[in-house]
Amino acid sequence: MNKSDRLRIAIQKSGRLSEKSFDLLRGCGFEFDWRRNHLLCACTNFPLDLMLVRDDDIAEFVADGVCELGVVGFNMLEETLLGRGDKDREGIQILERLGFGGCRLSIAIPEDQAFDGPQSLDGKSIATSYPATLQNYLEENNIQAEVIHISGSVEIAPALQIADAICDLVSTGSTLRSNGLKEVQTILKSESVLIQTSKPFSEEKQNVISRLEQRLKGVMRAAKTKYIMMNAPKDALDKIKAIMPGLEEPSVIPLGANGEKIAIHAVAHEPDFWSTMEKLKEVGASSILVVPIEKIFG
Ligand code: PRT
Ligand code: ZN
């Protein structure tokens with residue numbers, strides 16, 4: 001393969017998304033020639049190079065075609081594209097929502113102040129590291145407020161009287177609480193996404209992306225799926241299927257001489273296996289084993 005046919009993917013070098021981004025790629029079977037403080041890190045068993053950069057630069061690099069793929073928070077993607085005047089996201093394509101790095105971009109005000117809907121922000125000043133996203137929200141909602149761009153520690157702006165309100169990322173809400181603020185309006189919900197450039201690239205690279213995407217889907221599907229085994233009275237089978245609608249074609253094996261008991265083995269998709277196991281026990285299932293699945297393919 002030509003050197004220029006190696007795919008480039010930008011991920012966060014160090015921060016909240018780094019470990020999960022790495023884990024996902026390692027889960028796909030990619031091994032890396034890891035060198036400390038290098039910007040580029042070659043994959044030794046797949047035509048792929050990692051670009052390790054700040055999260056602020058990822059969407060920019062992908063939109064400019066410096067790399068074909070990137071893993072970035074939707075919040076940062078939106079901010080970058082709006083900042084480039086690309087409201088319709090023409091510069092990139094979202095390939096996958098990755099299910100980690102969940103947070104929301106919200107407006108918060110001092111706890112002791114009243115809020116009667118977004119219009120109460122009229123005439124106020126709002127400090128944020130997301131000026132383009134906030135400006136877009138204000139314009140779409142016809143709110144006349146001043147956007148004050150600050151790059152870090154946004155949550156202390158009201159106490160320092162730099163702004164009346166803030167617009168920042170929230171996950172647990174504890175940063176807001178410990179700064180005497182309350183969340184009053186969510187303007188964007190976010191999670192990490194896999195993005196692809198809209199700039200043209202070779203067919204060879206497109207094939208590599210398709211292979212990478214297929215592996216990624218396999219890893220993500222496996223994360224939500226378990227292999228479940230249990231014993232149960234024969235007449236409980238229908239009740240068990242009703243408890244687990246995500247059960248895929250279970251194998252049912254008669255147990256003992258009279259076949260009154262059965263063993264059930266199946267792949268299952270369940271949001272909460274603990275509560276499912278409790279319900280299974282109630283209908284007579286016993287020896288319930290839930291086993292993780294590493295990969296699902298095909
Ligand atoms: O150095 P680099 O520029 O790469 O990293 P960074 O410091 O700018 O970003 P980083 O690592 O903090 O965040 C990277 C991405 O993680 C963000 O763009 C989001 O997509 C995602 N993410 C998820 C979060 C949070 N949750 C989050 N809680 N990013 C930041 N926060 C901060 C928030 O800004 C606030 O200060 O955490 C605080 C609030 O958290 P709670 O739990 O107290 O509500
Ligand atoms: Zn950053």
Which atom pairs, donor and acceptor, lie under 3.5 Å between side-chain atoms of residues 140-154 and protein residues at least two apart or in another chain?
residue, atom, partner, partner atom, Å
Glu140, OE2, Lys87, NZ, 3.4
Asn141, ND2, Tyr137, O, 2.8

Counting only heavy atoms not in Gln119, do more than 12 fall under 6.0 Å of its CD? yes
Are side-chain heavy atoms of Ile264 and Ser251 found at a separation under 4.5 Å? no
Looking at Phe100 and Val71, what are the two nearest heavy atoms and their distance? CZ-CG1, 4.1 Å
Taking only residues at least two apart or on different chains, which pairs with a member in residues 62-77 satisfy side chain to side chain donor-acceptor pair (under 3.5 Å)? Asp64-Arg84, Glu68-Lys205, Asn75-Tyr130, Asn75-Ser190
Could you list the donor-acceptor pairs under 3.5 angstrom formed between side-chain atoms of residues 275-288 and any protein atom two or more places apart in sequence or on another chain?
residue, atom, partner, partner atom, Å
Ser275, OG, Asp272, O, 3.3
Ser275, OG, Asp272, OD2, 3.1
Thr276, OG1, Glu270, OE1, 3.1
Thr276, OG1, Asp272, O, 2.9

From CG (Leu50) to SG (Cys43), nearest 0.5 Å: 7.5 Å
Please check if the side chain of Asp164 supplies one atom and the backbone of Ser125 the other of a donor-acceptor pair under 3.5 Å. yes
Taking every non-hydrogen atom, the tightest pair across Ile262 and Pro254: CG2-CA, 4.2 Å
CG on Leu40 to CZ on Phe32, rounded to 0.5 Å: 11.5 Å
Within the structure provided, determine whether Val208 and Leu48 are in side-chain contact (heavy-atom separation under 4.5 Å). no
Any side-chain heavy-atom pair of Ile94 and Leu194 under 4.5 Å: no
Under 3.5 Å donor-acceptor, Asn179 side chain and Leu181 backbone: no
Taking every non-hydrogen atom, the tightest pair across Ala157 and Ala127: CB-CB, 3.6 Å
Rounded to the nearest 0.5 Å, how far apart are NE2 of His265 and CG of Leu289? 8.0 Å
To the nearest 0.5 Å, atom CD of Glu60 lies from atom CG of Leu77 at 11.0 Å
Working for salt bridge (Lys or Arg N to Asp or Glu O under 4.0 Å), residues Glu111 and Arg177: CA-CA 8 Å; Glu111 255 159 16; Arg177 278 191 297 278; over 6 Å; no
Side chain to side chain donor-acceptor pair (under 3.5 Å) for Glu78 and Thr133? Distances and angles first, verdict last. CA-CA 7 Å; Glu78 197 69 347; Thr133 313; over 6 Å; no
Identify the two heavy atoms, one from Ala163 and one from Ile126, that lie closest to each other, and give their separation to 0.1 Å. CB-C, 4.2 Å
Are any non-hydrogen side-chain atoms of Arg211 and Phe46 less than 4.5 angstrom apart? yes
Below 4.5 Å, heavy atoms only, C-beta onward: do Ile166 and Thr128 meet side chain to side chain? no
Given side chains that start at C-beta, do those of Leu121 and Phe115 come closer than 4.5 Å, heavy atoms only? yes
Shortest non-hydrogen pair, Ala132 vs Gly83, comes out as CB-N, 3.7 Å
Show me the donor-acceptor pairs within less than 3.5 Å that the side chains of residues 7-14 make with the rest of the protein, sequence neighbours left out.
residue, atom, partner, partner atom, Å
Gln12, OE1, Arg16, N, 3.4
Gln12, OE1, Leu17, N, 2.9

If you measure from NZ on Lys182 to CG on Leu176, what distance do you get to the nearest 0.5 Å? 12.0 Å
Output a table of donor-acceptor pairs, distance under 3.5 Å, between side-chain atoms of residues 215-243 and any protein atom two or more places apart or on a different chain; print 'none' if there are none.
residue, atom, partner, partner atom, Å
Arg215, NH1, Cys28, O, 2.9
Thr225, OG1, Arg221, O, 2.6
Thr225, OG1, His269, ND1, 3.1

Going by the rule side-chain contact (heavy atoms from CB on, under 4.5 Å), which residues pair with Gln93 if we only count those two or more places apart in sequence or in a different chain? Leu95, Gln196
What distance separates Asn136 CG from Glu79 CD, expressed to the nearest 0.5 Å? 9.5 Å
So that I can tick it off, tell me whether Asp23 and Arg26 are bridged by a salt bridge, with the cut-off set at under 4.0 angstrom between side-chain N and carboxylate O. yes
Does a side-chain heavy-atom distance below 4.5 Å link Leu69 with Thr197? no
Pairwise side-chain contact, Leu105 with Thr186, heavy-atom cut-off 4.5 Å (strictly under): no
